[in-house]
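Note: hydrogens, waters and symmetry copies are ignored here, and every other heavy atom, side chains too, is used.
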Protein chains: 2
Amino acid sequence: MTKPTPDPRHTLTLRDVSEASGVSEMTVSRVLRNRGDVSAPTREKVLEAARALGYVPNKIAGALASQRVNLVGVVIPSLSNMVFPEVMTGISEVLDGTGLQPVVGVTNYLPDREESVIYEMLSWRPSGMIIAGLEHSTAARAMLGRAGIPIVEIMDIDGDPINHAVGISHRRAGRQMAEAIIAAGYRKIAFLGTQMPNDFRAKKRLEGFEEALAKAGLTLVDREYYSGGSALLKGREMTAAVLNRTPDVDFLYYSNDMIGAGGLLYCLAQGIDVPGRIGLAGFNGVELLDGLPRKLATMDACRLEIGKRAAEIIAGKASQGEKVELFPTLQRGDTIR
Amino acid sequence: MTKPTPDPRHTLTLRDVSEASGVSEMTVSRVLRNRGDVSAPTREKVLEAARALGYVPNKIAGALASQRVNLVGVVIPSLSNMVFPEVMTGISEVLDGTGLQPVVGVTNYLPDREESVIYEMLSWRPSGMIIAGLEHSTAARAMLGRAGIPIVEIMDIDGDPINHAVGISHRRAGRQMAEAIIAAGYRKIAFLGTQMPNDFRAKKRLEGFEEALAKAGLTLVDREYYSGGSALLKGREMTAAVLNRTPDVDFLYYSNDMIGAGGLLYCLAQGIDVPGRIGLAGFNGVELLDGLPRKLATMDACRLEIGKRAAEIIAGKASQGEKVELFPTLQRGDTIR
DNA sequence: AAGGTGGCTGTTAGCGGTAACAATAGCAGA
DNA sequence: TCTGCTATTGTTACCGCTAACAGCCACCTT
């Protein structure tokens with residue numbers, strides 16, 4: 001029994017496996033891809049040789065030859081806010097069976113970076129792209145439109161998709177929340193959220209929110225923005241600032257659950273009567289909230305479902321229309337009276 | 001002025017740009033990669049043609065021809081626990097200037113999945129790989145060892161790296177925490193953590209922790225495990241369970257900050273004197289803790305730094321030795337007396 | 001016995017780029 | 001004017017794999 005002595009300088013190719021097993025490269029290729037007919041004994045020989053050598057196929061060459069790439073580009077703004085990981089889960093779940101593989105790119109909410117991430121991804125000729133949001137640079141839209149692959153824009157449907165869109169209407173979500181708040185009798189409502197030059201979805205929620213307020217003859221009594229840092233801490237700080245500046249405020253609407261949770265903890269620590277004296281609401285429905293002393297009112301963003309639907313479109317499992325709208329449910333929690 | 005009429009069926013190649021600009025494919029290639037000498041007017045012509053057509057280079061072909069791939073595989077167990085996003089930040093920061101691009105793969109703590117993610121990644125012939133942990137299947141280790149590219153195993157250094165390792169000693173971290181707890185006078189210490197068939201780092205921390213307890217003649221008075229679900233909520237539940245089962249416990253050591261935070265909120269809600277009656281500590285130093293009513297004792301895992309160092313090794317910016325050990329600092333917070 | 005037929009394996013010709021080298025032109029110096 | 005050199009551009013030969021098709025052989029069929 002000779003020890004397999006792989007030349008350490010030379011990376012293995014089909015030819016090595018072919019020589020080791022005494023068949024043609026083509027046959028090796030067929031065995032390794034499970035395609036076409038190969039007799040059982042040949043298959044065995046090849047597989048053993050490949051295993052013994054430790055051969056790892058070169059997908060670059062394979063992709064070039066077959067004009068097929070089993071990659072799906074996923075472009076998202078951030079990994080650290082607990083919302084996209086869940087989308088990824090949905091995507092992976094669906095893609096898992098299909099031989100397709102997600103490849104993640106992060107843009108940090110920077111349009112330039114988004115453009116270059118998209119460019120980079122497209123240059124690998126993926127089978128499809130999933131991209132957060134409907135707002136992209138002209139160049140990015142053009143590239144995507146010309147790529148000749150399915151493009152699914154996710155999270156948001158308030159706008160014109162390049163190809164397909166799967167998401168919720170953030171404008172409507174904002175409106176709905178405002179209506180619920182007003183119906184509960186709150187009147188002095190403040191907004192606390194991200195400084196959002198490029199968080200278009202947060203912006204749309206706020207637009208919808210203010211729209212509904214206006215319809216009821218109300219306007220925001222205060223607003224406070226932040227950027228960067230620990231969202232939970234920022235939530236505390238902003239809440240303190242607002243309560244200090246506008247003592248008679250009776251509702252705090254947060255642009256996301258994390259700062260909302262910070263605000264909730266702050267109010268509880270201050271002994272403020274929630275939701276009697278002040279009501280609170282966030283957005284996203286992150287599972288973090290389940291562990292809070294009191295459950296923050298929120299609206300889930302259908303993240304898992306969005307991921308799944310998007311992946312299904314890419315995988316061709318669904319002949320969806322252009323827009324797939326999902327409907328978030330309002331979870332009143334314990335912070336709206 | 002004729003409108004550029006890109007055949008919508010046909011994806012563009014260098015040849016299209018070459019024909020549109022009247023130079024050879026090679027020259028176009030040179031312009032687009034900024035390599036070799038090309039006269040200014042030619043460069044202009046080519047760039048304009050490429051832009052007008054909306055040409056996106058095919059990296060697959062480029063990579064095959066040049067035997068160079070600007071990708072770095074990053075294999076991590078999870079995206080949703082707030083620890084890896086920060087590692088990714090460190091990696092991106094360093095890689096950004098180098099032309100290298102990270103590609104993330106997620107294993108969900110499943111060894112089989114890790115193996116297949118590694119296989120898949122290697123088949124794209126990346127320039128390097130960064131992988132969480134030192135424990136991998138034999139096959140995975142073999143593949144990585146033979147790949148002929150720099151392999152950096154991160155987070156942990158208690159073991160034998162394939163190539164390079166950048167991380168902290170979790171055993172030592174556990175020991176240190178135990179020593180601090182004992183020194184503070186706590187004696188009835190319980191552990192609460194993940195059901196960790198494959199979270200080797202949590203396991204090592206616990207080992208180190210118990211080792212130090214043993215040296216002081218102590219053993220854990222209770223332990224509680226969980227898996228899945230909202231970590232914050234699980235922290236509450238587990239804490240309740242332990243306090244109920246072992247009323248005289250005086251310290252709760254959590255395997256991560258998230259469940260620790262849940263425990264802290266629970267204790268505070270119960271009006272328990274922290275850190276007088278009961279002390280608490282977690283692990284990781286996630287920024288989430290900054291927003292809590294009281295600061296949980298923890299140990300930062302040097303995540304950003306680990307990401308940076310690993311990327312530097314891959315980028316060849318550092319001729320680091322085999323192991324790079326970083327030293328976490330104990331943050332006592334407000335939950336150790 | 002000639003002519004299928006199906007199962008298996010091999011051959012050929014690229015896929016779309018790039019490395020390496022060849023070719024050409026323009027120009028200075030001898 | 002001729003040589004030598006530099007700056008620029010083109011040509012050729014792959015990179016490692018797969019689609020498409022060709023070939024071969026055993027086994028039927030009629």
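Between B:D37 and A:I60, the one whose closest nucleotide on DNA chain D sits nearer the 5' end is B:D37. Nearest-nucleotide mapping onto DNA chain D: of B:Q67 and B:G36, the residue sitting toward the 5' end is B:G36.
The nucleotide whose nearest atom lies closest to any side-chain atom of A:S39 is, among D:dC17, C:dA19, C:dC8, C:dC8. Comparing atom distances between the B:R30 side chain and each of D:dT9, C:dA19, C:dC15 picks out D:dT9 as nearest. Considering only the side chain of B:M26, C:dA20 comes nearest among D:dC17, D:dA20, C:dA20. For A:L14, the listed nucleotide lying nearest its side chain is D:dC17; candidates were D:dC17, C:dT9, C:dG17. Among D:dC15, C:dA19, C:dT9, the nucleotide with an atom closest to any side-chain atom of B:A65 is D:dC15. For A:L64, the listed nucleotide lying nearest its side chain is C:dG16; candidates were C:dG14, C:dG17, C:dG16.
Put simply, A:S66 has no side-chain N or O that comes within less than 4.0 Å of OP1 or OP2 on D:dT18. Contact annotation: B:Y55 side-chain N/O to C:dG17 OP1/OP2 distance is under 4.0 Å. In terms of phosphate contacts, B:T42 brings a side-chain nitrogen or oxygen within less than 4.0 Å of OP1 or OP2 of D:dT9. Contact annotation: A:T27 does not reach the phosphate of C:dC8 (side-chain N/O to OP1 or OP2, under 4.0 Å). Distances shown here put a side-chain N or O of A:R68 below 4.0 Å from the OP1 or OP2 atom of D:dA19. For D:dG16, neither phosphate oxygen OP1 nor OP2 lies less than 4.0 angstrom from any side-chain nitrogen or oxygen of A:T13.
Residue contacts shown for A:N58 are limited to sugar-phosphate atoms, with no base heavy atom under 4.0 Å away.
The two residues A:T98 and A:A315 have their closest heavy-atom pair at CG2-CB, 4.0 Å. Here the shortest heavy-atom pairing between A:V56 and B:Y119 reads CG1-O, 4.1 Å.
Atom-to-atom, CG of A:N70 to P of D:dC17 comes out at 15 Å; the value is rounded to the nearest Å. One can place CD of B:E25 at 14 Å from C1' of D:dA13, the figure rounded to the nearest angstrom. Counting to the nearest Å, the C1' atom of C:dC8 and the CG atom of A:N34 are 16 Å from each other. We find that CG of B:D16 is positioned 14 Å from C1' of C:dC15, with the value rounded to whole Å. One interatomic measurement links the two molecules: NZ of B:K59 to P of D:dG16, which rounds to 20 Å at whole-angstrom precision. Summarising the geometry, the separation between CG on A:L32 and P on D:dT18 is reported as 8 Å, rounded to the nearest angstrom. Taking atom CZ of A:R35 as the reference point, atom P of D:dC17 lies 15 Å away to the nearest angstrom. Atom CG in A:L12 sits roughly 11 Å away from atom P in D:dG16 (whole-Å rounding).
Here the rule is side chain to side chain contact (heavy atoms under 4.5 Å, CB included) with B:M129, and of B:L122, B:I162, B:I314 only B:L122 fits it.
Judged purely by atom type and a 3.5 angstrom limit, B:N108 has no side-chain atom pairing as donor or acceptor with the backbone of B:L110. Panel note: side chain B:D96, backbone B:E93; no donor-acceptor pair is recorded below 3.5 Å.
The existence of a salt bridge linking B:D160 and B:K323 is excluded, since no basic side-chain nitrogen approaches an acidic carboxylate oxygen closer than 4.0 Å.
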